[in-house]
Each structure stands twice: as C-alpha cells, then as structure tokens.
2 protein chains.
Amino acid sequence: MSANLQMMANAIRALSMDAVQAANSGHPGMPMGMADVATVLYTKYLKYDASAPKWPDRDRFVLSAGHGSMLAYSTLYLSGYASPTIENIRNFRQLHSSCAGHPENIELEGVESTTGPLGQGLAMAVGMALAERHLNAVFGDELVDHRTWVIAGDGCLMEGINHEAIGLAGHLGLGRLIVLWDDNRITIDGSTDLSTSEDIKARYVATGWHVESCDGHDFADISRAIEAALADRRPSLIACKTLIGKGAPNKQGTSATHGSPLGADEIAAARAELGWNYPPFEVPAEILDAWRAAGKRGEVAHGKWNNRLSTNTNGVEFTRRMNGELPQSDAMQDYLASLIANPAKVATRKASEMALEALTAAIPELVGGSADLTGSNNTKTKSTGPLTREDYAGRYVYYGIREFGMAAAMNGMALHGGIIPYGGTFLVFSDYCRNAIRLSAIQQQRVVYVMTHDSIGLGEDGPTHQPVEHIVSLRAMPNLTVFRPCDTIETAECWDLALKNSKGPSLLALSRQNLPQLRTDVSQNMSAKGGYRMRAAAASRKVVLIATGSEVELAMKVADALEATGQGADVVSMPSWELFEAQDAAYRAATLPDDALKVSIEAGVTLGWQRYTGNDGLNIGLDSFGASAPAEDLYDYFGFSVEAIVSKIQAKLKA
Amino acid sequence: MSANLQMMANAIRALSMDAVQAANSGHPGMPMGMADVATVLYTKYLKYDASAPKWPDRDRFVLSAGHGSMLAYSTLYLSGYASPTIENIRNFRQLHSSCAGHPENIELEGVESTTGPLGQGLAMAVGMALAERHLNAVFGDELVDHRTWVIAGDGCLMEGINHEAIGLAGHLGLGRLIVLWDDNRITIDGSTDLSTSEDIKARYVATGWHVESCDGHDFADISRAIEAALADRRPSLIACKTLIGKGAPNKQGTSATHGSPLGADEIAAARAELGWNYPPFEVPAEILDAWRAAGKRGEVAHGKWNNRLSTNTNGVEFTRRMNGELPQSDAMQDYLASLIANPAKVATRKASEMALEALTAAIPELVGGSADLTGSNNTKTKSTGPLTREDYAGRYVYYGIREFGMAAAMNGMALHGGIIPYGGTFLVFSDYCRNAIRLSAIQQQRVVYVMTHDSIGLGEDGPTHQPVEHIVSLRAMPNLTVFRPCDTIETAECWDLALKNSKGPSLLALSRQNLPQLRTDVSQNMSAKGGYRMRAAAASRKVVLIATGSEVELAMKVADALEATGQGADVVSMPSWELFEAQDAAYRAATLPDDALKVSIEAGVTLGWQRYTGNDGLNIGLDSFGASAPAEDLYDYFGFSVEAIVSKIQAKLKA
C-alpha cells in the first residue's frame, strides 16, 4: 500500500515540476512538499465523488497556499475530475488554460475557492465550516454532514487575517475544520527564522484549537494525526513537518524551490531520486488507476445521499437554497407599499434594517452579522437570532472586531452555498477587508456588504472614521456593485437588486444621519437603472444635478433654489454607477443631456465624476480628509450647503 | 499618596464624562476605566517633559484605543502641556477644536500618533520601539534611551494586525515596548464572550512576549506589574483588569458606557460616587498642582540630555535626522549622470533598486524592508544589512508576510523620527495595508511604499495578483502621492521627489517587466511636473497620448505608427496625477491641448482618466480582472498592442 501511495504522491510531484518547467513559471516547492499529505487526504479521508464536483454534501478542500496550484490541478486530474485535462495541465499558466497561476473557482468546478492572497483561503474555509454547521442544524445529518480541509503554508499563518479566522473558528467550535499546515520553515525570503519566532502551535491552542504534529512524508504518521483530528471536537491544526520541494535532491529544503522552475538538470535528478522514469505529463496506468479508484471512493455515499435527498421532506427547499434560487415572496412589494403608506425620515442604515426585517423574514438563507457594530450598522433583525456554538441554527454572527475575517468568512459561506451572507462595518473600514471584497468579486459570489457611516455625515468621530475616497475606490473594483441609496425606498430597491445579483458582491454605502423619504412611486425599481431623473426641471432646464445617497436631499434643495430664480434644474439620483453604465447610450444621454450644466454632488472625492459632468461641468465634493465636528457643521464647512452650491452654479452659468 | 492619586485619576474621569456630555458624543467608558492606570503611568513611569513635547528622548505613549481620546486630552492638559487648553477640551469634538473625536498627531504636539482605526496604534508603537532600538544602536545610550507605552483595548487585540505587530515585536525582541491592555471584557456589541474565547495571555507568551496581570484600579498593583515589565527583556503585555466606565455607578461594567454620553443623571451619580464635587471642567488647584508637578518630572533628565547632546560628537547628525532634514549629497545627480552614460533596459522595480543603491549609501536614515518579497520588490541594497535583535544597527527589516504590520510599523518609525522608512510588497497587496497607507497620509508622514508587479504585466500569477483598480483607488486617497514611473530616469526622479516630500507618504508603482530607458535628458526633474511632454508631434498634431509607467513605451510606439501615416502625436508621460494637478492651469492646458484627440493608455481601469481626455477622448485600459498568462500574451489579449490602439484611434479620428 505505502509503496503505491509513494508512487501516487510522486505523480503529483512529477506533474508539478514538469508543468512549472513547461510554463517556465510557477511554484514547485509546495506541491512537492505536500504531495504525500495530499495523497493521504485524497485517497483515504476526503469525502468526494470526482464525477460530481458539486455534490452538496462533499467535503470542501481549500488550498489556502494557492501558489501551490499544481497540487490542486494534479489531484483533480489524477482522481478523475472531468477537468482539468492533462492538456490543461500542459498549458499551465497559459492564456485560456483552466490551470491558472493560482486556483480559480470560476475556471474549475473542483476548485472550491480562488486562493493566492495569503491567509484568505483558510479564512474562507472557516466560513465554509460555519455554513456546514448552520445547514446541518437546519437540514439535519441526512443532508449535511461533511468536513472542511485546508492546506496552508507559513504565509497563511503569519498574515493578520489568520488571527481573526482562527479566533472565529475557535470561538464557534468548528470541529469539522482541519488545517494541514505545510510546516517547512521556508518563506520566499529564506528561513522563517528571518522574520518569526512564534510558537504557532501554542498560539492555536490558546485560540481554542486542537493541535497535532506529524512527519509530512510518513504516510502512517499523517493518517495517525488526521485520525486524532477527526476524533477531537475542536478545529484542528496539523503541523505537517515537510521538506519544501521534496524529491529535488539538490534544491529541496530551500527557498530556491518556492517560486521558480527547478530547471532541466534538477528535474532529471528528481526523476532519478523519485524513481519516476516516465516522460513529462505521463502517468503510468497502474498509478493513474489507483488514483481513479480513489476518485470513485465517494460514489456509494453520494448515491445513498441522493436517495436521502429525494425522500427528505426538506429536500426541495435544500436544493433551492443550494442552487442559489431566491424563494417566491411578496415581502419586498409589501414593504415598499408600507413605505408609501407611512413615509419615514430615517438614516439609510436604519432603512436597511427595515428592509432587512422584511427580507430576513422571507428569505431564510440570509445570514447576517457585523464586525462588532451591530447597533451602528443596524444589521440584526428579529428573524436573525445569534448563531453560536450552542445553536448553529441561529442566523446572526457576532464576528467580533474582525472585518477581514468577517468578509472572508462570508466569501466561504457563499462559496459553500445554501446561504446568502451579509455583514456590516463602517465604510471606512472597507480598507481592512478590501482584498476579501475583491475576492468576492473575482469569485463571483453573492455577498452583501453593509457599510454604514458613509461620509463626513458621521460627524464627530473625525477623519479616521470618515470615508472620502472609499466610494470611488470601490466603484473602481471590477464586478462589485456599489450602491449609495438616498432614502428608504432606494435602500429597499438596492437590497432587492443586491439579492438578485447572484454573480457578484454588492456593497451598500449607508448614511448615519436621517434623510427624508424622497420617492413617492414604487411601481418600478428605479435604482435598477443605476441613475434616473428623480425630478424634472420646471423652468427651462439649465442645470442637471447628479447626486447620490445623503446628497440627493441637498440636490433637491439646490434645485428649489435655482428654480426660484427661474433656472430650471433636473435632479438625477444615481445610486449605482455600475448599473447606470449598463444602460443603453440613449437612456444615459437622455438622463444626462448635453444641453445643460452638469453638477455632481457627493460628499467624497470628486475623482471620477468628470465622466458624468464632463470637464466643463461642476464637481461638488471633498478632496481632502474630513474633520471632527457635528455633521451639520461639517457639511457647511466643506461647502455642502444650498447657498455655497448655488453660488458656484451661478458663477459657472455666468462664465 | 494613593488618596491623592485617586483624586488625580478622578480628574481624568470627570473631564472625560463632562466633555463627552457637552459634545453629546464620544466614549467615556475607556478613559474612566483606564484613568487609574494612566495616572500611575504619567505620574511615575512615563519619561516626558510637558514643556517640551518634542524632546527626542522622551518616552512615546500611544493611545491605541483612540476612541478613548479624552484620556489623552485629560492627561496632556492636566500634566501641563501647552495644549490642549481647557477651552479646547470644552470644545471636544467641535469644529476647529484640537480635541478631535480621535487623537490626531497633526492637532496636538503631545499626541504621538493618530489613532482610532483599531489595532494600528499598537502596531505603530512597534515601529516606534524599533526606531528607538535602531537609533540607540547608531547613536548610543547618551542620546537614545527611552521606552514606548501603549494603552490598547480588546478591539486592538482582536484585529488581525495585532498578530502581525506582536509577532514582529516578539521576533525582534523589543523589550522597551510595554502594552497596557484595558482588559474590561466589553466590546460595542456587549461582552467579549459574544465573539471570542481566546486565551490572550497565552497567545502573547506564544509570540515571545512577557505577560503580567494587575488590578487596574489598584495603584500599587499597577506599579508592581509595570516594574515587572520593566525588569523583563521581552516586550510586555500587562492585562489591566478594569471596569469600563468605572465611577458611573449604574452603567459601569456595561457597553452602555462605551460610546455614548452617560447622561446628566448618571454623571451626577458618578460625581457622588467619585467624591468629585466640582463643576464641569474645573479641577481643584491641589489636584491640578499635583498633576503639573508630574508634568515636570522629566525636566531635569531633559536638561541633562540637552547637555549630552551639545557635547556628543554625533549630536549635529542626530539633530539633523530627528528634524527630518536630508543630508547634502550629490548621489542622485551622480546616479542620473551614470544612467545617461549607460542607459539600462530594466524593470522599474530594478530601477528602484539601482536608485536605492545610490540613495541608501548617501542617506543613512533610510531603513528598508519587504513583506517577504525582497527579491521581487528589489528593496535590499548593499548599504542595508539586516536589522535583527542581535544587530539593531542594521537597516533592512525582514517584515515577514505581514503587509499591514509592516506599513503600520513604518508609520511608527516615521512618527518617532530619525528614520525614513520604505517597504515593499506587490501592488495588489496594498489592499492588505490600505488603512495604514491612509494613516500615513492623515498623519502627514514620510513613508515610501515600494509596490511592484503593478499590472497585468506581472503575467502568469493571474488575476489575484494583478492590480487593475489599485492605482486609481490610491490616487483617490488625499495626501498620498502615487508615482508610476516609466523608466530608470523617471524612477530615480520619483524616488527623489518621494524623499523630499516630508509631509506625506509616497507610493511607487513599479513594473515587473523590463522597460527601455526613454529619457535622454536629466537637466531637470521632469517627474516633478507630474506629467510632461516626452515627445512632441512631428507631423501636424492630431493626437495626444497620455501614458504612465510601462505603457509609456507602448505610447511611443503608437506615436511612431501614427506619425508614419502622417498623423502627428504628442506623448505625455504622467508619472503622478497629484503633481500634475499641482501645476498651474496654463502648464496643464499646454501639456494637454484642446485641439487634439486625447488618449490615455494605462494597464488598469479607465475610471478617472476622463478628467484628462474629456468624454470625447479615448481611454485605453482594462475594466475587468486580468488573467493568467505570459505578460506579452496578456497585453495582446487585452488590447494593449500598437495595432489595436492605432486602430481605435483611427476610428475615433474618422468619427
């Protein structure tokens, strides 16, 4: 058995070193170092069915050390997934190959998550493990009973997010999460001794984890450690002592194997060392057969699970949720009607809570949370009781002061499926989780960021807490839809759009301060247009005011003042640039006509608004940091007053 | 003594609750909880001279839990700093008061760093403690012999950056760093039990720290713990068991005291509880005198230090460095001349290394580093040997895989003074440290970010590693100067500008791929203009091509192709938007004349470029994520080829 396992592991080593060599780019060290561990995992412990990559009750495997992508591609190919093919692997890191430099969930069904940005794979795995426990609590062992496995490197453990992720996992007692740490003591710069003196195992124990160690090149010892992890109720870290680049006789154990091809000579030497006398990309039938058999290990369990699903009373609901289909519901329409009946002057963060009350009651897969700002982000509703280690059926996660960990966990929950996660913090702290938002976007996941206190309008907390550059900097991110609604109705509309966007994240930028309900008609979701004429000029149109969020109210008052002097002014509310850009040219031109002075009003930097106002328009914004003072004083001080804006417009019209 | 200390501490409590009440906004809980600890620190241990806030050998104190800003304002006022005045405190959180919602170093000399974004204060303190050891190693005990103290809350310890910061401090053995942890078990959402189960003390021990505990309301016990910390060679964490809002009899110990005024009734009850029978903002003479005496504790030591400075052979050099004045040097001019003599086709990351070789040899206060990408960021030079716990005189920090910790530490080093820090990572991972970059900008600190692999030009690593939105999103940040140089000469110029900008951070976006040396004249630092005509049209000008960094080479080739068809094309290289915006209108208009089609070329999102091309111009960019492939293939695939661009320009000219 072990002899065979050894050759099966060497198949990973050979494919990895050959693919990196062919691409003349990549990271052979990690796949070669962790080949033995991965082989034990895939042949003995991981619950999967290579013929059905999306079987909902499969174990999740996350390669947090994503640079070792050839480990993932090798195991997927060897165990018999339909893709990648050996041809894809031959084209590792080439245009249009599904075998990208780092594993991408959108390229390969068998890749559970896109990794590479260090630390986040493990943090997403925490979200997956949490999703499993939640769905298990809701749907029972019959339908949900799997584990989450991670391979992580020293980098994943050194990143700050690791602290947040394992703190959350330890607190929530996610015992079905097992992290296989590639403990090779090598980073890019050299030995880990250069930069760290930490007792990692003691840190994990301090954080509520179970810790094992094993010789990562001894199959029996790897199994022993995994068995011990399986037996423990805590999340487990297994320190797998490995040699980076194992099998490359002259380079193994050094950072030289980390991120560069081994070179033809060393590869030849490795072939000899490994007893691998086969051409590049060829795996002998006997070894491939053994791997393919491993890939079928889960077929029987999968079949039984299918039977259980078909007879389970909640099977249809489970499938709906796992497919990401929203339930039929009139909740949003009813809620909008109630707003027309009883208009509310509230902050949009409060409007978000009101919308969420309706939505969370109607959509059970909504699981909320906040990074310790529940009462400020207004993210908790009556339907969302606390999700705790004692009650995984809860729907509200107290994420703690862990913005990055929260965002990554939400990515993991969305990737797992069956849950639509949303979570809150202050907009300024989008900085703390920005790369996780980016991974929501790259991975095309439905994650909703509830970002409140979205401008100087938050007042006294001052410049450290006042976003000014954040909204445009998030608009710059591909596949993220940024919403900045202006009142209760737009907030509800934007929530509706966010939930219906199943192929990407949404971010709601919400006010701290109260805002009047401006909209009076809910027959159509106007926010879906991205920008729309909220009010048409009465007098002959001279000006088009384009505003977002809290500044739409101000724009309406500016329009009043202009009209009073006989100058007609349209007001365009533009809750989402991305959706406005998606409209056809005729609509955009009609909304922002050429024949008027266009004026943008947004309490943030003006960068970017020129695309809508042209360079001969006017951009009312704030191109410096804010200040600490009551919100009304700040609005006046920074020129966001009717008087100041009208005066600038008049000057421009005369010029 | 203790009775007096108690009333001195209660002065902090009274000022804090009264100021928050007057502002109707703020955080009384922390200052009231930590008043006793702060009183012990300021009256017995902290080395300072209230009459000389900038005495270079003072101890540094960082209020990492910045929301407790009234603690800082109270101690500064009470101990006799010139500011804040009691009038400033009365105007806490009002426009133009130096007592902002969170402490701001640019408002008050006695505030060592701007805090509020949780976790970063402590992480900046690590940089200060590192700066102290480095300068001590260079200048000796006579001139540099002080400590760094931090007050941190649960939030600071839960944030991911805490892991990075304490890992660095533990590894580097920064024993003069003492963290006073406000261990009150309360966060905004409620008890820490809601979100964490960690054994924090064990985690610190695992990370190489010494840990003490004390009763944070027992003066003798606080002193005992501090004495133990002073005696230990490791950095120290002191868990100060406190009651949040101590003194408010009905609200203390609850999250209700955290971030809201106590209210008139509770304040009255607290006055009774504390035996504080004085009107708001009044401190009886006896107590104020005791505080003022504490504020003079350091005068004698300061005087002796002044004497040592005046006789020390390195005193002038020390003062130069602490004043942030660059040394006289011809290094840059000599280096530029060498480039003219021997033009080099290298990546701008390599060009940065070449410039750094010259600069680090000439400017001893440059201390570099990288977040484990030394060989990729090209940040290490012959002059910068490793800075280790065995040799603090080294000038290169192996920051490990800790981008956020690195950036915050650099802020701390800059704030400490005597050092100009620079550090590297991949541009895409600016996401990981973005809020620290923001704090460099808010705090007006000279920190240089060396961000390499600045576009799809990095090739095979793929979309997770390819920045597309980052450059513009960083341009959006106030007071950050973003540079994207196009060749060796611009890279040197940008380095020169970064070092001369003593009032803000700079960020260099640098290529992985080789680029030709385009500039042939170094008589003037053209990059100082932000954008300039690199080449004038030969034929009648039809087009102005505006490009940055690696795309300037492409723009030159496009211009060649256009000129070949008789269409004249200027090429404007624009290494810095911020500096271009700072030029007068005439220069900008002459550089980007109205009479030609303006075309921007940058391998990133097009958002924002309309300000220079107008809406009738052309924006060549990449508004989606990248892909994994060799760089040349990606450039072709995404339309960054001479053929594709010329074709778009021709179509536009015909339209």
Side-chain angles (χ1 to χ4, degrees), chain A residues 25 93-95 100-102 116-118 155 158-161 163-164 167 170-171 187-189 194-199 202-203 206-208 372-374 398 400-401 404 431-432 434-435 442 460-464 469 472-473 476-478 605 607-608 610-611 614-615 624-625 628-629 633 637, chain B residues 25 93-95 100-102 116-118 155 158-161 163-164 167 170-171 187-189 194-199 202-203 206-208 372-374 398 400-401 404 431-432 434-435 442 460-464 469 472-473 476-478 605 607-608 610-611 614-615 624-625 628-629 633 637:
Chain A
S25 166
R93 290 183 160 237
Q94 305 306 304
L95 202 56
H102 292 80
L118 291 178
M158 213 185 296
E159 289 285 1
I161 191 173
H163 170 50
E164 300 184 14
H171 179 65
T187 74
I188 291 173
D189 276 358
L194 279 175
S195 58
T196 184
S197 307
E198 179 194 339
D199 180 343
R203 175 167 68 89
T207 316
D372 197 47
L373 288 168
T374 295
Y398 287 102
I401 301 136
F404 201 3
D431 282 353
Y432 273 56
R434 191 173 163 94
N435 202 264
I442 288 183
E460 293 89 346
D461 272 350
T464 54
E469 74 277 27
V472 73
S473 79
M477 193 180 284
V605 297
L607 191 156
Q610 296 79 17
R611 82 196 295 179
N615 284 327
S624 66
F625 292 113
S628 170
D633 296 351
Y637 179 70
Chain B
S25 165
R93 291 182 160 237
Q94 305 307 304
L95 202 57
H102 292 80
L118 292 178
M158 213 186 295
E159 289 284 2
I161 192 173
H163 170 51
E164 300 185 13
H171 179 66
T187 74
I188 292 173
D189 275 357
L194 279 175
S195 58
T196 184
S197 307
E198 180 194 338
D199 180 344
R203 174 167 69 89
T207 315
D372 198 47
L373 288 168
T374 296
Y398 287 103
I401 301 136
F404 201 2
D431 282 353
Y432 274 55
R434 192 173 162 92
N435 202 264
I442 288 183
E460 293 89 344
D461 272 350
T464 53
E469 74 277 27
V472 73
S473 78
M477 193 180 285
V605 296
L607 190 157
Q610 296 78 18
R611 82 196 294 179
N615 284 326
S624 67
F625 293 113
S628 171
D633 296 350
Y637 179 69

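Just so it is clear: chains get the letters A, B, ... in the order the sequence lines come, proteins before strands, and each one is counted from 1. All values below come from the heavy atoms of this structure, side chains included, with hydrogens, waters and symmetry mates left out.
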Does the [X] side chain pair with the main chain of [Y], one donor and one acceptor, at a distance under 3.5 Å?
{"X": "A:Tyr432", "Y": "B:Gly160", "result": "no"}
{"X": "B:Asn615", "Y": "A:Asn615", "result": "no"}
{"X": "B:Ser628", "Y": "A:Ala100", "result": "no"}

Measure the shortest side-chain to side-chain distance between B:Met158 and A:Glu164 over non-hydrogen atoms and say whether it is less than 4.5 angstrom.
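In short, these two side chains do not touch, never coming nearer than 4.5 Å.
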Heavy-atom pairs under 4.5 Å with chain B are the metric here; pick the option from [options] that has the most.
{"options": "A:Gly101, A:Ser624, A:Pro117", "answer": "A:Pro117"}
{"options": "A:Glu159, A:His171, A:His102, A:Gln610", "answer": "A:His171"}
{"options": "A:Gly155, A:Gly170, A:Gly208, A:Gly614", "answer": "A:Gly155"}
{"options": "A:Asp372, A:Asp431, A:Ile161, A:Ile188", "answer": "A:Asp372"}
{"options": "A:Asp199, A:Thr464, A:Asp189", "answer": "A:Asp189"}

Less than 4.5 Å to any heavy atom of chain B: does that hold for the side chain of A:Ser25, its backbone, both, or neither?
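The side chain, not the backbone.
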Under 4.5 Å from any heavy atom of chain B, what part of A:Phe625 do you find: side chain, backbone, both or neither?
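Its backbone and side chain both get close to chain B.
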Side chain, backbone, both or neither of B:Thr187 within contact of chain A (heavy atoms, under 4.5 Å)
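Contact with chain A involves both backbone and side-chain atoms of B:Thr187.
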Partners passing salt bridge (charged side-chain N to carboxylate O under 4.0 Å, His left out) against B:Asp461 (at least two apart in sequence or in another chain)
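For B:Asp461, the residues satisfying salt bridge (charged side-chain N to carboxylate O under 4.0 Å, His left out) (neighbours in sequence not counted) are A:Arg93.
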Restricting to side-chain contact (heavy atoms from CB on, under 4.5 Å), what partner residues turn up for A:Ala476, sequence neighbours left out?
B:Glu469, B:Val472, B:Val605, B:Leu607
Taking every non-hydrogen pair under 4.5 Å, which of B:Thr374, B:Thr207, B:Asp633 racks up the most with chain A?
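Result: the option with the highest number of such pairs is B:Thr374.
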For the residue pair A:His163 and B:His163, does the interplanar ring angle fall in the parallel (under 30°), tilted (30 to 60°) or perpendicular (over 60°) class?
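Rings of A:His163 and B:His163: tilted, 30 to 60°.
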Would you give the length of the straight line joining atom CD of A:Glu460 to atom CD of B:Gln94, rounded to the nearest 0.5 angstrom?
6.5 Å
